[in-house]
There are 2 protein chains.
Amino acid sequence: MKPAPSFRRSEPDARRQSLIEACARVLAKAGATGASVRAIATEAGVSPGLVGHYFDGVDALVAATYHHVDGKVAAALDAAVLAAGPAPRARLEAFVTASFAPPIADPQLLATWIAFWSLVTARPDIARQHDEQYAGYRARLEALLRNCGLADSALRIAAISVTALVDGLWLELCLSPACFSAKEAGTIARRHLDALTSPAG
Amino acid sequence: MKPAPSFRRSEPDARRQSLIEACARVLAKAGATGASVRAIATEAGVSPGLVGHYFDGVDALVAATYHHVDGKVAAALDAAVLAAGPAPRARLEAFVTASFAPPIADPQLLATWIAFWSLVTARPDIARQHDEQYAGYRARLEALLRNCGLADSALRIAAISVTALVDGLWLELCLSPACFSAKEAGTIARRHLDALTSPAG
DNA sequence: TTGCCTGTTGGACGATCGTACAACAACGGC
DNA sequence: GCCGTTGTTGTACGATCGTCCAACAGGCAA
């Protein structure tokens, strides 16, 4: 009889992906402080040395994880918009309220995100990643707002305000879920969109 | 001739305060990852052993720093409200827009705050501190909103929405100051208050 | 089956972490 | 001036950190 293989080989991309997802789980569970090479390797079920084989140090792994998680969120938002149909206002609402439902409204995702924020101060490359990603987020929001008839002159401020409100609601919804519900967050956000799209001036 | 004293004694409270402020500076500069006992002690200009003398480990020091920074923010908000005079609407606006001016709108303060958030997941005591502090923040906001004539039934949701918007604006204002100005943040917040206090429909 | 390639392991290495503690020295009381 | 108190120092200790690399072994070609 053959002894069970002590490990399996994987496709390089699959192994990289596995390490990235393990890194995200560790960041969510233990924060930036606990995201050590050994903890990530254990979470992924591999030996510590493998991290160095696929990434130039743990910093590069964290940066890759940031990029991956950002892509996951963007995909979830796009899917929500696509599922909303062609009506501009429905698409806008879908984009906004998707942040209050899985997989975005997830305490683990917030914990991962906070770990990234905690690195912005000390890591210029992470800071740049953050700026680019937020600029992209606001750009997509501006496009959705424009389709709802918002004047070009008001677009920038409107996108900033909606982004801030959604971020704040998402943050507190994840940090203390008992305080208010996802449904209430959606109501608040929709009311804000109403005030923006029908100026009572 | 006498040799210069190699160190000075301090009042226990003053030394504790000095360590707390040094901890806040280190958290702002290096994030939660870099907040080691030695880094904090060096920042405070004392030897590493002194931290253990005043606090039961570095975790207790971080918790104390959280409490201290929270108190500082609350004091700044109260001062802004007090300086706004007796008019309810002016007091509400002062409370809200104070978050976009020094000393609250400070990237270093945000970095400190993010370091605390990054500990919420792993540290139940920090999570409890966060819940209590946010409940207090919303309670003060509800009182200010009530004085502006808001119905009791709408108070809770209104306070949640204002808190979320202000937090989001504060977050992004500190993370990427080049994106929009403090004045614009104030305009956005005031417009939101308008929509809340004069329901159009 | 045999042998090569290389993904993978597991431990060594120096640095740094949090903590504990004996020795030192500043300061108030005598 | 001297002494006791105690705030403060500096270091030792074990644990854990990131990194590195020689050795092992799974999987494929021949």
Side-chain angles (χ1 to χ4, degrees), chain A residues 1-23 26-27 29-66 115 118-119 122-123 125-126, chain B residues 1-23 26-27 29-66 115 118-119 122-123 125-126:
Chain A
M1 58 195 195
K2 304 168 184 174
S6 59
F7 65 90
R8 296 184 204 168
R9 297 195 170 194
S10 293
E11 290 291 318
D13 287 346
R15 185 64 85 183
R16 285 178 65 91
Q17 202 68 12
S18 162
L19 286 170
I20 284 173
E21 287 168 5
C23 180
V26 170
L27 283 172
K29 200 183 307 173
T33 307
S36 69
V37 171
R38 286 169 178 81
I40 295 168
T42 300
E43 176 71 29
V46 299
S47 87
L50 204 58
V51 173
H53 190 266
Y54 281 103
F55 297 91
D56 296 337
V58 69
D59 288 355
L61 172 53
V62 170
T65 304
Y66 193 14
S118 77
L119 298 175
R123 302 261 310 272
D125 58 326
I126 297 285
Chain B
M1 60 192 192
K2 304 169 186 175
S6 60
F7 65 91
R8 296 182 205 170
R9 296 193 170 195
S10 293
E11 289 290 318
D13 288 345
R15 185 66 83 184
R16 284 178 64 92
Q17 201 68 11
S18 162
L19 286 171
I20 284 173
E21 286 169 6
C23 179
V26 171
L27 284 173
K29 200 184 306 173
T33 308
S36 68
V37 170
R38 285 169 179 80
I40 296 168
T42 300
E43 175 73 30
V46 299
S47 88
L50 205 58
V51 173
H53 190 265
Y54 282 102
F55 297 92
D56 296 338
V58 68
D59 288 356
L61 173 54
V62 170
T65 304
Y66 193 13
S118 76
L119 299 174
R123 303 261 308 271
D125 58 326
I126 297 287

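Just so it is clear, the values below take in all heavy atoms, side chains as well, and ignore hydrogens, waters and symmetry mates. By convention in this document, chain letters (A, B, ...) are assigned in the order of the sequence lines, proteins followed by strands, and residues within each chain are numbered from 1.
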Original post:
When the distance from CG of D56(B) to C1' of dA20(C) is rounded to whole Å, what number comes out?
Top reply: 13 Å
**OP:** Would you mind reporting whether Y54(B) and I20(B) have side-chain heavy atoms less than 4.5 Å apart?
**Re:** no
Original post:
Which distance, rounded to the nearest 0.5 Å, do you find between the CZ of F7(B) and the CG of L50(B)?
Top reply: 10.0 Å
Original post:
Is a side-chain N or O of T42(A) found less than 3.5 angstrom from the main chain of R38(A), in a donor-acceptor match?
Top reply: yes
Original post:
Given side chains that start at C-beta, do those of H53(A) and R15(A) come closer than 4.5 Å, heavy atoms only?
Top reply: no
Subject >> Over all atoms of both residues, closest heavy-atom pair of A41(B) and V51(B) >> reply: CB-CG2, 4.4 Å
Subject >> Under 4.0 Å protein heavy-atom contacts per nucleotide of nucleotides 5-12 of chain D, with B for base, S for backbone only and - for none >> reply: -BBBBB-B
Subject >> Integer-rounded Å distance: dC17(C) P and I40(B) CD1 >> reply: 10 Å
